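Note that this is a predicted model, so its numbers are computed, not measured. A, B, ... follow the sequence lines: proteins, then strands. Residue 1 opens every chain.
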Amino acid sequence: MNRELSAVFEQIADLMEIQGADPFRINSYRRVARSLKDLAGDVTQMCREGRLTEIAGVGKGQAERIKQYLETGKITVHEELKAQVPAGLPALLGIPGMGPKKVALAWKQLGVENVDDLKAAIESGQLAALPGMGTQSVKKIAAGLAFLEKSSGRTPLGVAWPVAHDVADRILKLPGVKRVEVAGSLRRGKETVGDVDLLCECARGKKTVEAFTQFDVVRSVLASGATKGSVTVEVPGGGELQVDLRVVPAASFGAALQYFTGSKEHNVRLRELAIKKKWKLNEYGLFDGDTQIAGKTEKSIYAKLKAPFVGPELREDRGEFDADAAARSADLVTLEDIRGDLHMHTVASDGRCTIEEMARAAKEMGYQYIGICEHSKSSAIANGLSIERMEQHIRDIREADKRMKGLKVLVGTEVDILSSGKLDYPDDLLAECDLVVASIHSGLSQDRKKVTARTLAAMENPYVTMIGHPSGRLLGKREPMDVDWGAIIAKAAETGTMLELNASWQRLDVKDVHARQAVEAGVMLCICTDAHHYDQLGQMVYGVMTARRGWAGKDLVLNTRSCAQLGKLLRRKRS
DNA sequence: GCCGTTTTCGGCCCGACTGTTTTCAGTCG
């Protein structure tokens, strides 16, 4: 319901914008849409408890609208807007080059009501003939349309990350380049990114930008100037990704890094702090009149503004300006804290490497331990292990562990939580494992009550260490299960069950806001890659960034612990 | 339409770029 309602508010804002309503009023609807999307609790529940105005940006009026939607499925202002503005128009706002003014212009002058109408207006030349339009504007819109069709919007973190770092490395090798940094939502570790923002400090800006636009990965050049270049590059698996490069002077590097890292909402708050002190903050620095008083580093800006300095992952205007934020930020889990990976598969089920291959790769990464967790018998598609095969596999892992020096190989299992809520293996088999990940792989579309009850039942089992990928989502492919997060997190806290933070970029499950909710309840997380090949062990970085977005301190992340502490924590629930 | 360590009205972030203008509007991040 949170997301459904968020989409309604977003649409109201879009429709109002096309109508040319007061921008501040429009923004207030967008604010509510964003709050609802990020909301950890359930909006229906909050409404029942009369706590709607606790949501950021929700006052008396918006609370009334939310209530109206929950009760009737409609909001008066939404219905009125829909009657006035064609339903296909908000989609046009997503086209690069099309803003509210141009959408309204095309609609009122040419009757353009959807993407197809727009295409026709471009081809007939009518769009270019409109006042304020021209051949260049239309060219941009046409290119925007083509880009959207190819890229289908946002790119997953795990797809954009290697591409961005590859391009950044190439820039760093260019002559005269001193420094290159990744900024934007990628630096914040968002699960999907719209584009890639790179900053560089260099001697010759124009030459650097030119060379950047000529890399062989570049598909098309959108802009190329002395301080900014913009290109699209091909991404593995098809589609394109926009990469922007900005050349920044050393004295402003921190200000630019801060500015281009965002988020927009975080930056607004920061700039408001500057204004209160009669200063001005922009991408060139913090200024008192014409004098730059900070900007060489990010930290200098936060320090001057007396704002808590927090890591990029926290900059979402979700409480990072509170007094304790800086301290909490400093304690958050980092990639260097990770000492092992407790959920991975081998050829025994549906992995592609042997126990030894996985173990060797983990040891090379500097890990102290790993956990091998194969699928259980009901996951037939994934070559799940029968009880007999599992017993043999346990012996194989114990043998491999003896042979491995300097790395502990733990016996685990990823046991299915069946449709009934029962586990796929008997307790005596689970008891032989060092850890048990219980996951739902079937019946994902059951109703909220059922899927929640299954997960709760699994947590009651003393051998279940953690719930694997608790929502079951696959980014861009499969919606999450409709689980009651409040109930799951409460049960996890009560039973001492942990939640997996599956680091695979297709999953990132639990996601950031639910990780945050778990952390606030004191529930331990375990960041696991669920690797099916040793080259997937590196995806840990995505899980760590997501955990940081959930404000997870290292003390609440199981796999930051030493081998000895790990053993204790794994046995804790059984005793 | 929300919101409050210069409060219940009057603010609400800032600059670059682009194209279509002849002083600026629209879009973007």
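Between the CG atom of D195(A) and the P atom of dG29(B) there is a distance of 6 Å, given to the nearest Å. If you measure from atom OH of Y29(A) to atom C1' of dC3(B), you get 16 Å, rounded to the nearest angstrom. We find that CG of L281(A) is positioned 9 Å from P of dC14(B), with the value rounded to whole Å. Per the geometry, CD belonging to E54(A) stands 16 Å off P belonging to dC2(B), to the nearest Å. Rounded to whole angstrom, the span from the CD atom of E17(A) across to the C1' atom of dC28(B) amounts to 12 Å. Look at CD on E265(A): it is 15 Å from C1' on dC14(B), rounded to the nearest Å. To the nearest angstrom, P of dG26(B) lies 17 Å from CG of L92(A). Straight-line distance from the CD1 atom of I275(A) to the P atom of dC12(B): 6 Å, rounded to whole Å.
Only the C1' atoms considered, dT20(B) is 14 Å distant from dT27(B), to the nearest whole Å. With C1' as the reference atom, dA16(B) and dC9(B) are 33 Å apart, rounded to whole Å. Across the C1' atoms, dG1(B) and dT8(B) are found 14 Å apart, a figure rounded to whole Å. Comparing the P positions of dC17(B) and dG11(B) gives a spacing of 31 Å, expressed to the nearest Å. Distance noted for atom C1' between dG10(B) and dT6(B): 14 Å (whole Å).
Taking side-chain N and O atoms only, Y259(A) has no distance below 4.0 Å to OP1 or OP2 of dC14(B). In this structure, S137(A) reaches the dT20(B) phosphate: one of its side-chain N or O atoms is under 4.0 Å from OP1 or OP2. Contact annotation: K280(A) reaches the phosphate of dG15(B) (side-chain N/O to OP1 or OP2, under 4.0 Å). Contact check, R30(A) against dG1(B): no side-chain N or O comes under 4.0 Å of OP1 or OP2. For K264(A), no side-chain nitrogen or oxygen approaches OP1 or OP2 of dG29(B) to under 4.0 Å.
Residue K278(A) is in base contact, counting any heavy-atom pair closer than 4.0 Å across all strands shown. The residue P23(A) sits apart from the nucleic acid: no heavy atom pair falls under 4.0 Å. Contacts of G184(A) with the nucleic acid, taken as non-hydrogen atoms under 4.0 Å apart, are absent. Among the protein residues, N267(A) comes within range of no part of the nucleic acid, since none of its heavy atoms lies under 4.0 Å from any strand. Nucleic acid contact class of P100(A) (heavy atoms, under 4.0 Å, all strands): sugar-phosphate only. Among the atoms of the strands shown, none is found under 4.0 Å from any heavy atom of L93(A).
Nearest-nucleotide mapping onto DNA chain B: of K276(A) and K101(A), the residue sitting toward the 5' end is K276(A). Where D244(A) and W279(A) meet DNA chain B, the nucleotide closest to each residue was compared, and W279(A) sits on the side nearer the 5' end.
The aromatic rings of W485(A) and H514(A) sit parallel to each other, their planes meeting at less than 30°, with 60° as the upper class boundary. Using the six-membered ring where Trp is involved, H165(A) and W161(A) have ring planes that are tilted, between 30° and 60° apart. Relative orientation of the H266(A) and Y302(A) rings is tilted, given thresholds of 30° and 60° on the angle between their planes.
Considering R34(A), E10(A), E17(A), R65(A) as possible partners of Y29(A), the one that fulfils the side chain to side chain donor-acceptor pair (under 3.5 Å) test is R65(A). Put simply, the residue from V333(A), V510(A), V544(A), D509(A) that forms a side chain to side chain contact (heavy atoms under 4.5 Å, CB included) with L501(A) is V510(A). When R318(A), R516(A), E191(A) are each tested for a side chain to side chain contact (heavy atoms under 4.5 Å, CB included) with R549(A), only one passes: R318(A).
Nearest nucleotide to the side chain of D197(A), out of dT27(B), dG1(B), dG29(B): dG29(B). Of the listed nucleotides (dC14(B), dC12(B), dT27(B)), dC12(B) has the atom at the smallest distance from the side chain of E272(A).
In this structure, K101(A) and L105(A) have side chains that are not in contact, with every pair of non-hydrogen atoms separated by 4.5 Å or more.
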Inset, instruction - Report the C-alpha distance between R328(A) and E520(A) in whole Å, list the side-chain angles of each, state the deciding distance to 0.1 Å, and finish with yes or no for salt bridge (Lys or Arg N to Asp or Glu O under 4.0 Å). - result: CA-CA 12 Å; R328(A) 285 189 63 181; E520(A) 302 299 341; 3.2 Å; yes
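At a non-hydrogen distance threshold of 4.0 Å, nothing from residues 105-124 of chain A comes into contact with DNA chain B.
Atoms CD and CD1, from Q62(A) and I55(A) in turn, are 10.5 Å apart once rounded to the nearest 0.5 Å.
Pairing for dG15(B) goes to dC28(B), judged as Watson-Crick or G-U wobble with the two contacts each under 3.5 Å.
A donor-acceptor pair is defined here as one N or O able to donate and one able to accept, closer than 3.5 Å; no such pair exists between the side chain of S300(A) and the backbone of A294(A).
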Check: protein-nucleotides 16-18 of chain B nitrogen or oxygen pairs below 3.5 Å:
unit_1	atom_1	unit_2	atom_2	d
dC17(B)	OP1	T227(A)	OG1	3.4

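A pairwise comparison of heavy atoms in K511(A) and T546(A) identifies C-CG2, 4.1 Å as the closest pair.
Within 6.0 Å of CZ in R3(A) there are 12 or fewer heavy atoms belonging to other residues, nucleotides or ligands.
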